[in-house]
Number of protein chains: 2
Amino acid sequence: MVIELAAAIVSLDAEAPKILLVRPGEAGQRPSLPCGPFDPSGHRTLEEGLRTWVREQTELHLGYVEQLYTFGDRFRDPTERVGGPRPVSVGYLALVRQTAVKNAGRGPGETAWGDWYRHFPWEDWREGAPAILDALLAPGLEGWIAETADKTERQRRRERVNLAFAFGGGAWDNEKVLDRYELLYEAGLVFEAAFDRDPTEIGRGGVGRGAEPHLKSGGALIKDHRRILATAMGRLRAKIKYRPVIFELMAPTFTLLQLQRAVEALSGGRLHKQNFRRLVAHEGLVEPTGQMSGATGGRPAELFRFRREVVHERPAPGVRAPVRVRRVSA
Amino acid sequence: MVIELAAAIVSLDAEAPKILLVRPGEAGQRPSLPCGPFDPSGHRTLEEGLRTWVREQTELHLGYVEQLYTFGDRFRDPTERVGGPRPVSVGYLALVRQTAVKNAGRGPGETAWGDWYRHFPWEDWREGAPAILDALLAPGLEGWIAETADKTERQRRRERVNLAFAFGGGAWDNEKVLDRYELLYEAGLVFEAAFDRDPTEIGRGGVGRGAEPHLKSGGALIKDHRRILATAMGRLRAKIKYRPVIFELMAPTFTLLQLQRAVEALSGGRLHKQNFRRLVAHEGLVEPTGQMSGATGGRPAELFRFRREVVHERPAPGVRAPVRVRRVSA
DNA sequence: AAGCCTTATACTTAATTTGAGTATAAATGG
DNA sequence: CCATTTATACTCAAATTAAGTATAAGGCTT
């Protein structure tokens with residue numbers, strides 16, 4: 001059995017969260033995350049194996065690395081054969097500063113930074129509710145619910161959809177990224193699902209159902225890499241609330257607005273500016289440097305830096321600011 | 001490569017958190033968690049594999065199951081040979097109600113419920129600071145810090161110890177169970193560490209150093225099973241704060257004090273009674289049944305039940321009550 | 001039966017935190 | 001010099017929290 005190690009390497013380019021992708025070797029193929037097999041004889045730990053692979057493939061030396069989840073489902077990869085070797089993949093989240101980013105090439109096998117919302121357009125609520133939600137996903141999911149004849153199963157599907165997508169009046173939870181992706185996958189609304197079917201089931205209508213919308217439901221990746229990416233996104237959104245991981249993505253000094261935009265970019269929603277600065281100051285997350293930033297269009301802002309001591313002072317230091325997400329468009 | 005699936009199955013017996021253990025086959029051996037190898041041809045998913053193994057070994061049908069972490073470190077198992085097969089284990093947390101508990105036997109290979117604080121005596125602060133902390137762990141860790149000649153490394157160790165054990169005046173964080181266990185392991189203060197050494201290093205003093213205290217630092221388990229248990233404990237302590245998982249361990253109806261004792265048992269600290277009940281009522285986590293409990297010594301208390309609807313109402317429903325942990329003894 | 005122990009539950013109070021503003025300051029580009 | 005943009009200080013009411021006090025309702029003891 002081969003264990004594949006795959007990394008969702010996240011960076012932040014101003015207001016856009018980026019993800020490092022490896023270009024497909026052949027045309028028509030989908031991109032992948034940097035990844036490679038775990039080598040029990042060479043790698044001392046799983047994480048070290050991952051770091052080694054990433055270093056080889058991208059020339060990046062990872063700083064912050066966190067294990068996400070281990071997936072072992074059958075038939076998530078269209079090239080998997082019945083009775084063939086079973087893929088087991090361990091997904092990781094890594095954070096790198098934009099300054100460390102280099103050598104993204106255009107050729108096959110080379111790496112490139114992509115916008116993570118291209119793969120999950122329904123997750124970005126910064127400019128109001130994403131259009132794709134009402135235009136494609138809601139009707140698509142509605143169809144998937146109606147599709148089953150069993151009443152209990154229908155109810156179960158409706159419940160899951162309402163919870164994950166907040167259709168039933170509930171509040172949109174920006175951490176439920178994986179739940180939403182899995183539902184879309186099951187409902188056949190993401191590209192991968194059109195291919196990744198149990199081959200023994202092909203012909204039973206799996207592939208046929210509405211090839212059109214799949215193409216629009218975000219950029220697909222190879223194997224289960226978009227699932228790993230969804231896990232990374234959800235985990236990161238949760239983690240910035242109680243660990244100061246956001247600073248892994250920031251330059252050594254930054255203005256409070258830059259910090260706010262960074263949090264907003266990852267969270268996919270807006271924050272209340274005045275309360276945000278009160279919060280980060282009060283929590284002791286940042287301290288003023290005394291220097292001023294080269295004004296970007298208005299009054300110059302003071303530059304701040306991360307206060308490392310905060311981890312000793314409070315048990316769970318993070319940006320606890322409530323993310324505002326609303327249905328009314330901006 | 002073989003992937004081992006192992007489950008930390010937690011239950012709650014009144015005020016004692018319990019963990020399901022499998023008795024060692026031979027005398028002198030340590031107990032283990034229920035576990036078994038992942039079978040790529042038989043198991044559709046990793047989690048299904050785990051459920052199957054647990055069903056076979058314990059006749060328990062698991063309800064709530066959650067993946068914790070995948071460990072792939074070398075030489076965590078004393079029986080591991082240099083160049084031998086590499087152990088990779090996926091740890092799971094499962095929660096079962098005490099009512100579902102049965103057939104715990106006394107013979108080898110049979111299961112038995114053990115107190116989880118027997119394996120982590122330093123984690124139970126309900127009756128004040130655990131004695132083992134000042135008596136054994138603090139001096140032991142101090143020795144480990146002093147042991148290295150490199151000043152930077154010494155500083156690094158001190159920082160880690162202070163953070164995890166709150167020696168430097170910080171607050172004890174009841175979620176840092178794994179950090180603490182790993183430190184004790186590295187410092188050679190837990191039983192496992194006396195055995196689990198890189199065999200190539202044996203003779204360099206690893207095993208020799210103070211065999212005495214190891215035996216007292218909590219009940220050891222086979223392989224890296226205590227590490228999985230530590231992960232489970234930390235995860236569960238974190239999770240009850242934002243997911244209503246505590247109800248997976250409660251009877252269908254319960255008094256508010258029973259619920260409070262359950263939370264305290266897992267958290268390892270005390271809660272403020274009046275505020276606790278205000279909290280669970282206000283969060284909408286429970287609803288009164290109208291029935292009264294058979295009084296256990298005082299005024300009869302009303303029985304409550306879990307309000308399932310709460311998951312639709314708020315994004316992260318859980319018992320957010322602050323756990324009080326203090327150095328002064330009760 | 002009275003008094004005491006135990007547990008339950010209602011209510012109070014002050015301090016703190018939160019959400020949502022308003023007001024004013026300091027830069028730039030016409 | 002004025003509109004625009006961004007920064008930052010300050011306000012204010014509502015909600016939440018921490019830590020009580022007060023009272024109720026059982027059983028057990030003497």
Testing D:dT8, D:dA18, C:dT7 for proximity to the side chain of B:K273, the answer is C:dT7
Interatomic distance, CD@B:E283 vs CZ@B:R320, rounded to 0.5 Å, equals 5.0 Å
For nucleotides 21-25 of chain C, print each protein N/O atom paired with a nucleotide N/O atom at under 3.5 Å, atom names and distance only.
unit_1, atom_1, unit_2, atom_2, d
C:dG21, N7, A:H272, NE2, 3.3
C:dT22, O4, A:Q274, NE2, 2.7
C:dA25, N3, A:R299, NH1, 3.0

Classify B:L279 by what it touches in the nucleic acid, base, sugar-phosphate, or nothing, heavy-atom distance under 4.0 Å.
nothing
Of D:dT16, C:dG19, C:dT17, the nucleotide closest to the side chain of B:H282 is D:dT16
- Message: Does A:R278 contact D:dA9 through a side-chain donor or acceptor facing the base, at a distance under 3.5 Å?
- Response: no
note: B:E283, atom CD; D:dA15, atom C1'; distance rounded to Å ~ 13 Å
Rounded to whole Å, the CD-C1' distance (B:E302 to C:dA10) equals 14 Å
TODO: Quick one: sort the A:W172 and A:F165 rings into parallel, tilted or perpendicular, breaks at 30° and 60°.
DONE: perpendicular
| message | Students often mix this up, so state it plainly: with edges at 30° and 60°, are the rings of A:F120 and A:W122 parallel, tilted or perpendicular? | response | perpendicular
Walking DNA chain C from its 5' end, the first of B:L256 and A:A321 to be reached, judged by nearest nucleotide, is B:L256
Comparing A:G297 with A:R277, nearest DNA chain D nucleotide closer to 5' gives the residue A:G297
Side-chain atoms of B:P300 come closest, of D:dG26, D:dA18, C:dG19, to D:dG26
In whole angstroms, the gap separating P of D:dA25 from CE of B:M292 amounts to 9 Å
Are B:R261 and B:E264 within salt-bridge range, i.e. N to O under 4.0 Å?
yes
Between the CD atom in A:E309 and the CD atom in A:E287, the distance rounded to the nearest 0.5 Å is 5.5 Å
B:L303 atom CG is separated from C:dA8 atom P, nearest whole Å, by 11 Å
Original post:
Does the pair A:R270/A:E127 count as a salt bridge with the N-to-O cut at 4.0 Å?
Top reply: yes
Atom CG of B:L271 and atom C1' of C:dA8 are separated, to the nearest Å, by 17 Å
Between CZ of A:F254 and P of D:dA7 the distance, given in whole Å, is 14 Å
Between the CG atom in B:L236 and the CD atom in B:E175, the distance rounded to the nearest 0.5 Å is 10.5 Å
